[in-house]
2 protein chains.
Amino acid sequence: MTNFIVPDLKITPRPGGYARGQDGFEHILRSALSLLVNHGSAALTLRRIATESGMNVGNLNYYFRSKEELIRELLNAVISSYEESFDEIIHEPGASAEARLENMVMLILEDITTKKTTRFFPELWAMANHDPFIHDRMSELYDRARVSLNELIAEINPELPSDQREILALFISGSMEGMTVFAGYQKPWVAQMPILKTLAKKSFVQLVKSLRAEDFTAS
Amino acid sequence: MTNFIVPDLKITPRPGGYARGQDGFEHILRSALSLLVNHGSAALTLRRIATESGMNVGNLNYYFRSKEELIRELLNAVISSYEESFDEIIHEPGASAEARLENMVMLILEDITTKKTTRFFPELWAMANHDPFIHDRMSELYDRARVSLNELIAEINPELPSDQREILALFISGSMEGMTVFAGYQKPWVAQMPILKTLAKKSFVQLVKSLRAEDFTAS
DNA sequence: TCCAATTTTAGTCAAGTGTCAAAATTAGGG
DNA sequence: CCCTAATTTTGACACTTGACTAAAATTGGA
């Protein structure tokens, strides 16, 4: 029995310090996330983060040397959580490769309907175009997702050459991400997400099973 | 023979005025677009637009009563161009429905690899989450795209009920949009776009042809 | 108790924001 | 060529906001 919910943040405990410090650190990141989700990247200023977290501006500087460092930590905390979830899903003991692929699809499409993901990821996509750090960290996340998909594809259709499996994983991963804009939180098509999940699972599994090396030749 | 390039802007001529005025109007919008594409939404300030277009700040106010109006006009110009392109493609005389569907897929995936689209759309997705006007105008664009797809699906697979055609159109449209982040301009997978196009065409056409009403029942 | 961890206070300094009125310049029909 | 309407420049207003810091105050817990 897998859990299809990805926690908002996964924070690695910092060495030394009081428990209060640990809470403060996490509380700041949660406030920043909430700001980004509810008001967009323009609202992500130290002043507003301070207000949001009921703290003082100066205190942010105690936890994070700079705004950039704060954003880095936030991104790390969000992404780490995904990486952990992916690992759990694809290594679920006793489940067939096909079932684990379906679970992966469920996890991602389910996650897409959360407010956090629907709002946060488009912000990240936009930011990644002009911020090298965000770009790199996002690439790592998606690489990891594709590696996971790739493993499952290899189990389901071992005939497929490695480079073609990679493109197939890309196609599947990209297809799912695209739903964010249409069937995410409070989007016009959220209500249809259950059907979309069914459609996606069937379509992807069929694609993985039926694809032959020749299908990748341009027509 | 269809043209798979979507012009950046489609500007409806304003009544009265000199030719210079028409140029100025378009030039400002192009500068704003270029700024958004190259430096992100944070760079979209009246002063930077003025500098970019070699004009004076005050002159922007002559063309647009406010910054908001400028952004509205920009969005209209970009979106109108897509709407026109969609109409041309799906009404191409003498082409089969399947061929027109493939052309639509080609148009969209080709467009995704342009710098304008790769950079501009993620900005819009992010903005749409906090700006009602952008949200509505984007919805109109995507509605239009899906209506086009829907017409073609109906021709190819007339058995499929209307509401299921709509979901299928959504799935196809969303799948393609998702590629922006991975195989757009200067993204790690651009080089594989030709293969992705082949894969997408085959996968979508097959999906449209083979789908039965029962496939939409949750499993 | 006492010291390190955390928080507040109170700023610095700089840069930028959208908008506007009025003057100067230019285009092009008559 | 002239004159008026279209366009452009000038120069400002009034105000917000940005990231960051040093030093003092408070708190936690071994």
Side-chain angles (χ1 to χ4, degrees), chain A residues 11-33 35-36 38-75 123 126-127 130-134, chain B residues 11-33 35-36 38-75 123 127 130-131 133-134:
Chain A
I11 294 170
T12 47
R14 5 177 279 156
Y18 299 157
R20 175 136 75 120
Q22 190 64 242
D23 289 353
F25 185 87
E26 181 166 342
H27 187 59
I28 292 171
L29 292 192
R30 272 187 207 288
S31 301
L33 179 59
L35 228 31
L36 209 41
N38 292 308
H39 304 280
S41 64
L44 202 67
T45 70
L46 292 182
R47 278 190 224 277
R48 290 195 70 168
I49 297 171
T51 306
E52 180 81 13
S53 53
M55 278 177 184
N56 199 289
V57 198
N59 203 20
L60 296 190
N61 215 259
Y62 168 73
Y63 284 103
F64 308 94
R65 262 191 275 286
S66 66
K67 181 186 177 183
E68 196 191 317
E69 185 178 318
L70 192 158
I71 295 179
R72 273 207 306 272
E73 294 292 339
L74 173 58
L75 203 49
E123 296 288 346
M127 290 179 181
H130 306 104
D131 181 324
F133 172 77
I134 295 186
Chain B
I11 295 170
T12 47
R14 7 176 289 170
Y18 300 157
R20 175 138 73 121
Q22 191 65 241
D23 289 352
F25 185 88
E26 180 166 344
H27 189 58
I28 292 171
L29 292 191
R30 271 189 206 290
S31 301
L33 179 59
L35 228 31
L36 209 40
N38 292 310
H39 303 281
S41 62
L44 203 66
T45 69
L46 292 182
R47 274 171 227 277
R48 289 195 72 168
I49 297 172
T51 306
E52 179 82 15
S53 53
M55 279 177 183
N56 198 288
V57 200
N59 203 20
L60 296 190
N61 215 260
Y62 169 73
Y63 284 102
F64 308 94
R65 263 190 278 284
S66 67
K67 182 185 177 183
E68 197 191 316
E69 185 177 317
L70 191 158
I71 294 179
R72 274 206 307 271
E73 294 292 338
L74 172 59
L75 202 49
E123 297 287 348
M127 290 180 181
H130 306 104
D131 181 325
F133 171 78
I134 296 186

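Residue numbering restarts at 1 for every chain, and letters A, B, ... go by the order of the sequence lines. Not measured: the values here are computed from a predicted model.
Each end of the helix from C:dT1-D:dA30 to C:dG30-D:dC1 gets its own axis, taken as the rotation carrying the C1' atoms of four end pairs onto the next four within a five-pair window, and the two axes meet at 20° to the nearest 10 degrees.
The CG atom of B:L70 lies 11.5 Å from the CG atom of B:L75; values are rounded to the nearest 0.5 Å. Atoms CD and CD1, on A:E52 and A:I49 in that order, are 9.5 Å from each other to the nearest 0.5 Å. From B:D23, atom CG reaches atom NE2 of B:H27 across 9.5 Å, with rounding to the nearest 0.5 Å. We find the CD1-CG distance between A:I28 and A:L60 to be 5.0 Å, quoted to the nearest 0.5 Å. Summarising the geometry, atom CG belonging to A:L36 is positioned 11.0 Å from atom CZ belonging to A:R48; distances are rounded to the nearest 0.5 Å.
The interatomic distance linking B:M55 (CE) with D:dT7 (C1') rounds to 9 Å, in whole Å. Computed from coordinates, the A:L70 CG to D:dC20 C1' distance equals 13 Å when rounded to whole Å. Remark: C1' of C:dG16 and CG of B:L35 are 15 Å apart, rounded to the nearest angstrom. The distance from atom NE2 of B:H27 to atom P of D:dT7 is 15 Å, rounded to the nearest whole Å. Note: CG (A:L44) to C1' (D:dG18) measures 13 Å, nearest angstrom. Across the protein-nucleic acid pair, A:N56 atom CG and D:dA24 atom C1' stand 13 Å apart, rounded to whole Å. Rounded to whole Å, atom P of D:dT10 lies 18 Å from atom CG of B:L46.
The side-chain hydrogen bond (donor to acceptor under 3.5 Å, both in side chains) contacts involving residues 59-75 of chain B comprise B:E68-B:R72, where partners must be two or more places apart or lie in separate chains.
Checking the phosphate oxygens (OP1, OP2) of D:dT7, a side-chain nitrogen or oxygen of B:R14 falls inside 4.0 Å.
You'll find a donor-acceptor pair under 3.5 Å spanning the side chain of B:R47 and the base of C:dT17, going by distance alone.
Among all heavy-atom pairs drawn from B:L44 and B:A32, the shortest one is CD1-O, 3.5 Å. Considering all non-hydrogen atoms of both residues, B:E123 and B:G40 come closest at OE2-CA, 3.3 Å.
Annotation: salt bridge (Lys or Arg N to Asp or Glu O under 4.0 Å) contacts of B:R47 (sequence neighbours excluded): none. Partners of B:S53 according to the side chain to side chain donor-acceptor pair (under 3.5 Å) rule, which considers only residues two or more places apart in sequence or in another chain, do not exist here. Legend: residues meeting side chain to side chain contact (heavy atoms under 4.5 Å, CB included) with B:N56, ordered by chain and number and at least two apart, are absent.
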Given protein heavy atoms under 4.0 Å, the one-letter contact record of nucleotides 25-30 of chain D, with B base, S sugar-phosphate only and - none, is simply --SB--
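Within residues 57-69 of chain B, the residues having any heavy atom under 4.0 Å from DNA chain D are, by residue number, B:G58, B:N59, B:Y62, B:Y63.
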